[in-house]
Each structure stands twice: as structure tokens, then as C-alpha cells.
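Report on one structure; see the data block that follows.
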Protein chains: 2
Amino acid sequence: MTSRLRKAFFFSLLEAKLDTSGNKRTTIHDLAAAAGVSISTASKALNNTGRMGDETRKRVKRIATEMGFRPNAMARGLLSKRSFTIGLLTNDTYGRFTLPVMAGVSDALLDHGVSVFLCAIEDDPALGQTHVEAMLDKQVDGIIASGKRVDKRLPVDLSNLQVPVVYAFTEGTPDSVTFRSDDAQGARLAVEWLRKLGRRHIVHVTGPEAFFSVRERAAAYREVAGEIEPVMYGIWAESWGHEAVQRIWTRPGGKPDAIFCGNDQIARGVVDALRERGVKVPQDISVVGFDNWEIVAGQTRPPLTTVDMCLKELGRQAGLTVLAMAEGRPVEPGVRKLPCRLVVRQSCGAENLEE
Amino acid sequence: MTSRLRKAFFFSLLEAKLDTSGNKRTTIHDLAAAAGVSISTASKALNNTGRMGDETRKRVKRIATEMGFRPNAMARGLLSKRSFTIGLLTNDTYGRFTLPVMAGVSDALLDHGVSVFLCAIEDDPALGQTHVEAMLDKQVDGIIASGKRVDKRLPVDLSNLQVPVVYAFTEGTPDSVTFRSDDAQGARLAVEWLRKLGRRHIVHVTGPEAFFSVRERAAAYREVAGEIEPVMYGIWAESWGHEAVQRIWTRPGGKPDAIFCGNDQIARGVVDALRERGVKVPQDISVVGFDNWEIVAGQTRPPLTTVDMCLKELGRQAGLTVLAMAEGRPVEPGVRKLPCRLVVRQSCGAENLEE
DNA sequence: CTGAAAGCGCTTACAG
DNA sequence: CTGAAAGCGCTTACAG
């Protein structure tokens with residue numbers, strides 16, 4: 001085989017394998033021809049509209065299945081003004097919050113034939129703008145804006161768009177629909193659980209006071225725990241958990257029998273620090289986290305009892321809501337707080353209390 | 001205000017705020033009318049095609065900008081057979097691998113006006129099938145299949161599709177294009193680094209031998225470290241790191257001066273276990289991880305030196321490749337291994353060596 | 001009961 | 001230099 005021949009052979013192989021531009025899709029014309037009807041009849045048969053002989057409809061449908069005919073969504077969309085597509089905007093790079101939300105959105109909308117564009121815009125306004133325009137060009141039926149905290153806006157203006165917008169886990173405009181978790185209720189769940197276990201001296205170690213969620217959780221903690229001790233604000237890191245334990249154990253006065261942490265990372269730091277001090281979790285002290293971030297909560301020794309914000313459910317509702325709006329159904333604006341749930345693992349002890 | 005009135009008022013408020021079905025988009029007809037040209041001229045002006053007076057083109061463009069005209073991608077797509085849309089399929093629920101890949105894909109394609117449908121299919125064949133069909137209906141220009149390990153297929157058949165498919169971090173068909181990281185090179189990077197630091201007794205604690213990546217990394221480790229000691233296979237968890245250290249320190253013989261771990265979770269377990277034994281990292285022993293999973297590598301004390309698979313770059317290349325295929329450019333099939341890089345933090349010591 | 005025609009919003013030969 | 005017409009793949013009044 002000469003070099004040229006070999007090359008030609010190789011190229012034809014590539015063409016055959018990878019050039020998929022050849023076999024064009026079957027259109028409704030092909031279907032109509034195969035079924036021996038007009039394209040209008042074919043269309044009506046498939047959509048269960050119009051009037052026609054029952055067997056005609058059956059036959060068209062059968063042949064459609066046989067041919068593997070699937071209507072071109074772009075053509076349909078041109079008429080119906082529906083793309084069956086929505087956009088999910090997020091500035092949550094890690095995906096810690098966005099992935100569960102996305103899973104819920106996708107899950108809720110798949111049944112309705114809606115697909116989701118995921119657009120990660122970081123905190124870049126230009127990037128956000130570009131993505132929004134790309135989505136609008138593609139005629140998305142709606143947009144879900146999601147983020148990583150409820151008191152910050154995405155770096156892009158979504159008001160006055162021609163499509164409905166729903167906010168999920170990010171701050172929305174006053175007259176919009178916004179979904180967020182009920183931080184106060186979540187915190188109450190945690191502290192009530194600790195009290196039910198007999199804990200009486202509960203400390204709260206949490207993130208920066210600047211976060212709205214932090215203040216909400218702290219307020220609920222104070223209310224349920226009835227503590228006069230100050231909430232310990234810090235950062236969202238394991239290191240803060242270590243430092244907090246250090247502070248608590250080096251200051252004078254009694255030691256707590258429970259620590260309610262603002263997130264799982266802090267809780268992990270707390271648990272590790274306690275172990276290093278020889279304080280036993282959960283025998284000597286109970287620890288509760290927040291977020292139910294599997295990778296953290298599950299790998300902590302012992303695994304963390306923690307508050308789950310049910311973000312998938314939040315995504316599901318957000319998805320159904322944009323859909324409703326896209327279909328013109330009336331939707332009441334406002335903030336909707338979704339309940340959290342407590343996930344019991346081993347960091348509090350006495351799991352059997354759960355029943 | 002009577003109840004009925006109040007209701008009516010409230011409803012109109014909702015309508016005004018949330019019913020966006022009113023103001024319809026400006027089409028090329030509106031633009032043409034406003035510019036006083038035919039729609040053909042308007043179209044050609046915008047696309048820099050056809051011939052026309054320079055000022056006509058300028059004027060049309062200016063007016064288009066003023067009106068905020070943006071062509072309907074569905075209409076364009078109907079003609080061009082390009083939707084400027086691709087699908088990213090994944091079974092990686094956590095998003096550990098998919099998110100960086102997604103970021104790269106999105107980043108590479110945004111400039112080309114391509115948006116990405118993200119479809120999380122878990123390991124559910126039916127779900128996968130549904131998503132693929134939804135994507136095909138929407139006329140995606142191509143599909144990227146991505147996963148969490150290179151020796152497993154997604155639970156859905158992507159061969160014989162009418163659109164190009166590229167595999168990223170998941171097993172592809174023999175004649176497809178597949179992107180993966182170069183595990184052997186990554187492992188070499190890690191072990192060579194340890195040797196450069198003067199470490200001579202290097203142990204390898206890794207995941208299940210069933211993983212192809214595990215075997216590749218282990219082979220490279222053996223080759224570079226020249227160890228006769230057996231590789232320690234286990235599971236991808238911190239607990240295995242703890243157990244491995246326990247085993248090493250309780251068996252007879254000399255202790256290692258370095259541990260190369262199969263991923264960051266194991267490395268974290270190893271580092272924690274060493275600290276609990278009073279063995280100092282990095283003074284007494286160096287530890288290297290694999291993955292550069294920020295949440296794990298960054299929070300470990302000390303932070304982990306680890307191998308980064310450059311998944312974003314992998315995504316970028318995968319994106320550009322589907323695009324090329326969608327445009328009919330010839331692409332050579334085969335597996336493409338992308339190089340890893342070493343991220344130096346504090347778990348090995350002597351960082352200044354890096355220069 | 002079925003089909004021809006118009007049209008969704010664009011682009012692209014083809015006339016003039 | 002500019003515009004009328006055809007057409008992408010569908011759906012939906014409207015005739016017959």
C-alpha cells in the first residue's frame with residue numbers, strides 16, 4: 001500500500017466513522033409519504049388533533065415509530081413559541097448548591113420535555129450577560145437564577161426580560177418569585193434535637209455574621225437554646241472549627257455538652273479538634289452540622305448529624321414554577337421558604353431516639 | 001376595597017409583573033420596516049453577506065442595535081441545520097469530575113455561540129435514553145459523554161447517532177474520540193517530585209485495583225520509585241488512609257519517608273492518621289494526593305500537594321472537538337491522554353525546590 | 001374524513 | 001445595489 005493510498009484509506013475510514021453529516025433525519029414529509037397521507041394528516045395523527053379515521057391515526061403512528069421519526073423541536077418551537085428549554089444560571093463554581101438544585105430542576109422538567117442549559121457565570125457580569133443573551137437567542141422558555149447565598153444577587157440584571165425568571169438560593173427582585181430554604185426552621189430542628197437528647201449547654205459556632213442565613217440560624221438558635229452565651233461568628237472553614245474549640249476549652253467556665261455548627265466544614269473541624277483534645281463525640285458532647293454535604297458529613301469521624309436544606313426539592317419547585325409562568329399560568333410573587341430536614345448520623349448519640 | 005376588587009387588583013398586579021407573554025420580540029420584519037429595507041437586505045446587512053451600500057449596512061446594524069434585535073436561533077437553526085447547542089451527558093452525581101469538564105466545555109464553546117445542555121443520568125439507562133432523545137429532538141450539534149472513570153461506559157448507547165459524540169473521562173467506543181488524563185504521567189510527576197525531595201522509601205496507597213486508572217498509576221509508581229513493596233489497594237475513602245497507616249506502622253520493618261496516595265481523600269486520611277500517631281507531615285514524611293479536589297486538598301492540615309488532572313482543559317478540548325466534528329471538519333479517532341500537573345502545597349516540604 | 005395553503009422567523013439563490 | 005420568492009420542518013385554521 002503506497003503512502004498516498006494508505007492515507008486515502010485512512011481518510012475514508014474517518015469519513016465513514018466520524019462524518020455523521022450524511023444520513024439526514026427523517027422528516028414529516030418522509031413519514032407522510034411512507035404512510036400515504038398528507039403531511040397535515042401525519043401531523044394531526046401524531047398530535048392526536050384533528051379528525052381522521054381511527055386506523056389512519058394508528059397506522060401513521062405505527063409507521064412513525066418504525067421509521068424512528070421524531071419531530072424537529074426547532075420547527076415546532078418556531079410555531080409554538082416554546083423551545084422546551086430553560087436556562088439555569090449560577091455563580092456557584094463548586095456546584096455545592098447548584099448541582100442538587102439542577103438535579104431537581106432537571107428531574108421536574110424532564111417529564112415535560114424541557115431540557116436545561118447550565119450556565120456558570122462565576123461573578124463575572126460580562127460572562128453573565130453573554131450567557132443570558134445566548135439563552136435568549138435560543139428562545140429559552142424561562143430562566144432560573146441560582147447562587148450560593150440568599151442575600152447576594154447574581155452579577156447580571158434579569159429584570160425586564162421577555163421571559164419568566166425564578167430565583168433559587170440567590171437574591172431576587174422584590175416582585176419576583178424566590179425560593180430559599182427556611183434557615184430558622186432548620187436551625188430549630190438541630191437545636192431541638194440536641195435538647196431532646198438532653199443537652200443543656202449548647203454553643204453555636206458559625207460563619208460570617210454578614211450572611212443573612214447566619215443571622216437567621218443564630219436567632220433561631222438563641223430562641224430555642226435560650227443561651228445567653230454569644231454566638232461565635234467566624235469563617236466557613238474547618239480551621240475555624242478548630243480555633244473555636246481551642247477558644248472554648250481555654251476560656252474559664254463550664255464546657256458545653258453540644259455544639260451546633262453553621263455548616264459541615266466547621267463541624268468537621270470541631271469534631272477533629274475535640275478528638276485531638278480527647279473529648280469524645282458523641283459521648284461527651286454532641287455536634288450538629290448544616291448542609292449535609294455528603295463528602296464532608298459522611299467522612300467525618302463519627303459521621304455528622306446535620307441539617308439538609310433539601311435543595312433538590314427546591315430545584316424541583318423552581319423548575320415547575322418557571323414552567324407554569326412560561327405557560328402563562330398565574331404565579332404569586334414572593335419569597336418561598338422551603339423546610340429543611342435533619343439527617344441523623346452518629347455525631348449526637350442516642351440515634352434510637354429518632355423513632 | 002371589596003374582596004372581589006382586591007382580588008382583581010391583585011391579579012392585575014400579577015399579570016403586570018409576571019405575565020411576560022405580552023411584549024413580543026422584535027423580528028427581522030420589525031427591523032426591516034424600521035430601517036426601510038426589505039427583510040432580505042436586513043438579513044444580509046447583519047450577516048455581512050450579499051452586496052449593498054455601505055451606509056445601508058451600517059444603518060441597518062445601528063437600528064438593529066437600537067431596537068435590541070436578536071435573531072431567533074430556532075429560525076436560523078431550521079435553515080442552517082445547526083442549533084448551536086450541544087449536550088453534556090454525565091453519570092457523575094457529585095459533579096466532582098463533571099463540573100470542571102463542564103466549565104471547560106462551556107468556556108470553549110461560548111465564543112462560538114454554543115450553549116450546553118447538562119443531563120445528569122446517574123446510572124439509569126432509561127433516564128439516559130430519555131435525555132438523549134430530548135437532546136436529539138432539540139437538534140443538538142453534538143454530544144459529549146462524560147463520567148467518573150475511564151474504564152466504564154455510560155448506561156446508554158451513543159453509537160450510530162446522527163450527531164457527533166465525544167467521550168470525556170468515560171469509556172468510549174473503539175472508533176470514537178475519547179479524552180482522558182494521562183494517569184501514568186501524573187503518577188510519575190508525583191513520585192519524581194518525592195524523589196527530588198530526597199525521599200527514598202515511598203509507599204503507594206490507592207483505590208480498588210479494578211480501576212484502570214489505579215493500575216496505570218501503580219505501574220508508573222513502581223517504575224519510578226523502583227519499589228519492591230506491594231502497592232496497597234483499598235477504597236476511595238479517608239478511612240482507608242487511616243487503616244493503611246495503621247497497617248504500615250504496626251508491621252515490622254522500616255517506615256516509609258513518603259506516601260503517594262491514589263486520591264485526595266485517601267491522602268487526607270493518611271495525613272490525619274499520621275498526625276494522630278505523632279508523625280510529622282512534611283518533616284518526617286511527605287504525602288502526595290491525586291485529584292486536587294480543592295475542598296479536600298485545601299482543608300487538609302497541612303494542605304496537600306497533589307496531582308491535578310486539568311479537567312477544565314480536557315473539557316475545553318472535548319468541546320472544541322465536537323464542534324469541529326459538527327462542522328464537518330475531519331477529526332482523527334482515538335484516545336487522547338492529556339497531561340496532569342503537580343500542585344505544590346505543604347504536605348511534602350521544601351516547596352522552594354519547585355523553582 | 002382528508003388535504004392544500006399559509007405561516008412561524010429567518011437565509012439564500014436568483015432576478016432586476 | 002436591492003428585493004421577491006422559495007424553503008427549512010413543522011402546525012393549524014380552512015376548504016372540500
Side-chain angles (χ1 to χ4, degrees), chain A residues 21 23-61 63-64 67-85 113 136-141 162-163, chain B residues 21 23-61 63-64 67-85 113 136-141 162-163:
Chain A
S21 57
N23 45 4
K24 30 174 62 177
R25 309 204 167 191
T26 69
T27 73
I28 199 169
H29 284 95
D30 305 325
L31 170 62
V37 295
S38 70
I39 59 162
S40 354
T41 300
S43 172
K44 281 176 288 195
L46 296 177
N47 295 308
N48 289 321
T49 57
R51 296 180 41 71
M52 74 189 61
D54 207 52
E55 45 128 12
T56 308
R57 198 182 292 277
K58 286 247 174 65
R59 182 163 42 88
V60 172
K61 284 184 170 179
I63 297 180
M67 298 178 76
F69 170 75
R70 309 217 100 225
N72 181 329
M74 309 198 94
R76 301 183 103 177
L78 205 50
L79 276 303
S80 66
K81 267 92 175 64
R82 284 286 312 275
S83 64
F84 289 90
T85 275
L136 257 20
D137 288 354
K138 272 144 198 153
Q139 314 294 114
V140 288
D141 296 332
Q162 304 93 314
V163 299
Chain B
S21 57
N23 45 3
K24 31 172 61 176
R25 309 203 166 189
T26 69
T27 73
I28 200 170
H29 285 95
D30 306 323
L31 170 61
V37 295
S38 72
I39 58 162
S40 352
T41 301
S43 172
K44 281 175 288 193
L46 295 177
N47 295 307
N48 289 321
T49 57
R51 296 180 40 73
M52 74 189 61
D54 207 51
E55 44 129 12
T56 309
R57 199 182 291 276
K58 286 245 174 67
R59 182 163 43 88
V60 173
K61 284 184 172 180
I63 296 179
M67 298 178 75
F69 170 74
R70 310 217 97 227
N72 181 329
M74 308 198 95
R76 301 184 102 179
L78 205 51
L79 274 304
S80 67
K81 268 93 175 66
R82 284 285 313 274
S83 64
F84 288 90
T85 274
L136 257 19
D137 288 352
K138 272 142 199 157
Q139 314 292 116
V140 289
D141 296 332
Q162 305 92 316
V163 299

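Sequence lines set the chain letters: A, B, ... in the order given, protein chains first and strands last, and positions in each chain run from 1.
- Heavy atoms of B:Thr41 sit under 4.0 angstrom from at least one base atom.
- Rounded to a whole angstrom, the distance from the P atom of C:dA4 to that of D:dG7 is 16 Å.
- When rounded to the nearest whole Å, the span between CZ of A:Arg82 and C1' of D:dC10 equals 16 Å.
- Considering CG of A:Asp141 and OG1 of A:Thr85, their distance stands at 6.5 Å, rounded to 0.5 Å.
- For the pair A:Lys138 NZ and C:dG9 P, the interatomic distance rounds to 19 Å; values are reported in whole Å.
- Here the side chain of A:Thr27 is nearest to one of D:dC10, C:dC1, D:dG3, namely D:dC10.
- Base pairing annotation: D:dA4 forms no Watson-Crick or G-U wobble pair, as no partner gives both donor-acceptor distances under 3.5 Å.
- A:Met74 has its CE atom 12 Å from the P atom of C:dC10, to the nearest Å.
- Minimum interatomic distance between B:Lys138 and A:Ser83 (heavy atoms only, all atoms of both residues): CE-O, 3.9 Å.
- Contact annotation for B:Thr56: backbone-only contact, meaning every heavy-atom pair under 4.0 Å involves sugar-phosphate atoms and none involves a base.
- Side-chain atoms of A:Leu79 lie closest to D:dG9 of the nucleotides C:dC1, D:dG9, D:dT2.
- Rounded to the nearest 0.5 angstrom, B:Asn48 CG and B:Lys61 NZ are separated by 3.5 Å.
- In this structure, the side chains of A:Thr41 and A:Met52 come closer than 4.5 Å at one or more pairs of heavy atoms.
- Rounding to whole angstrom units, CE of residue A:Met52 and P of C:dC1 are separated by 10 Å.
- Rounding to the nearest 0.5 Å places CE of B:Met74 at 9.0 Å from CG of B:Leu78.
- Judged by distance alone with a 3.5 Å cut-off, a donor-acceptor contact links the side chain of A:Ser40 to the base of C:dA4.
- Both A:Asp54 and B:Ile28 lie near DNA chain C, and the one whose nearest nucleotide falls closer to the 5' end is A:Asp54.
- Taking every side-chain heavy atom of A:Phe69 into account, D:dC10 is the closest of D:dT11, D:dC10, D:dT12.
- Checked by atom type and distance alone, the side chain of A:Arg57 pairs as donor or acceptor with a backbone atom of A:Thr49 at under 3.5 Å.
- For a distance-only test at 3.5 Å, the side chain of A:Lys81 fails to qualify as a donor-acceptor partner of the base of C:dG9.
- Counting to the nearest Å, the P atom of C:dC8 and the CZ atom of B:Arg25 are 16 Å from each other.
- At the heavy-atom level, A:Thr49 lies nowhere under 4.0 Å from the strands shown.
- Taking the nucleotide of DNA chain D with the nearest heavy atom to each of B:Ala75 and B:Gly53, the more 5' of the two is matched to B:Gly53.
- One interatomic measurement links the two molecules: CG of A:Asn47 to C1' of D:dT12, which rounds to 10 Å at whole-angstrom precision.
- Considering only side-chain N and O atoms, B:Arg76 lies nowhere under 4.0 angstrom from the phosphate OP1 or OP2 of C:dC10.
- One can place CD1 of A:Ile39 at 9 Å from P of D:dT11, the figure rounded to the nearest angstrom.
- To the nearest angstrom, C1' of C:dT11 lies 11 Å from CG of B:Leu78.
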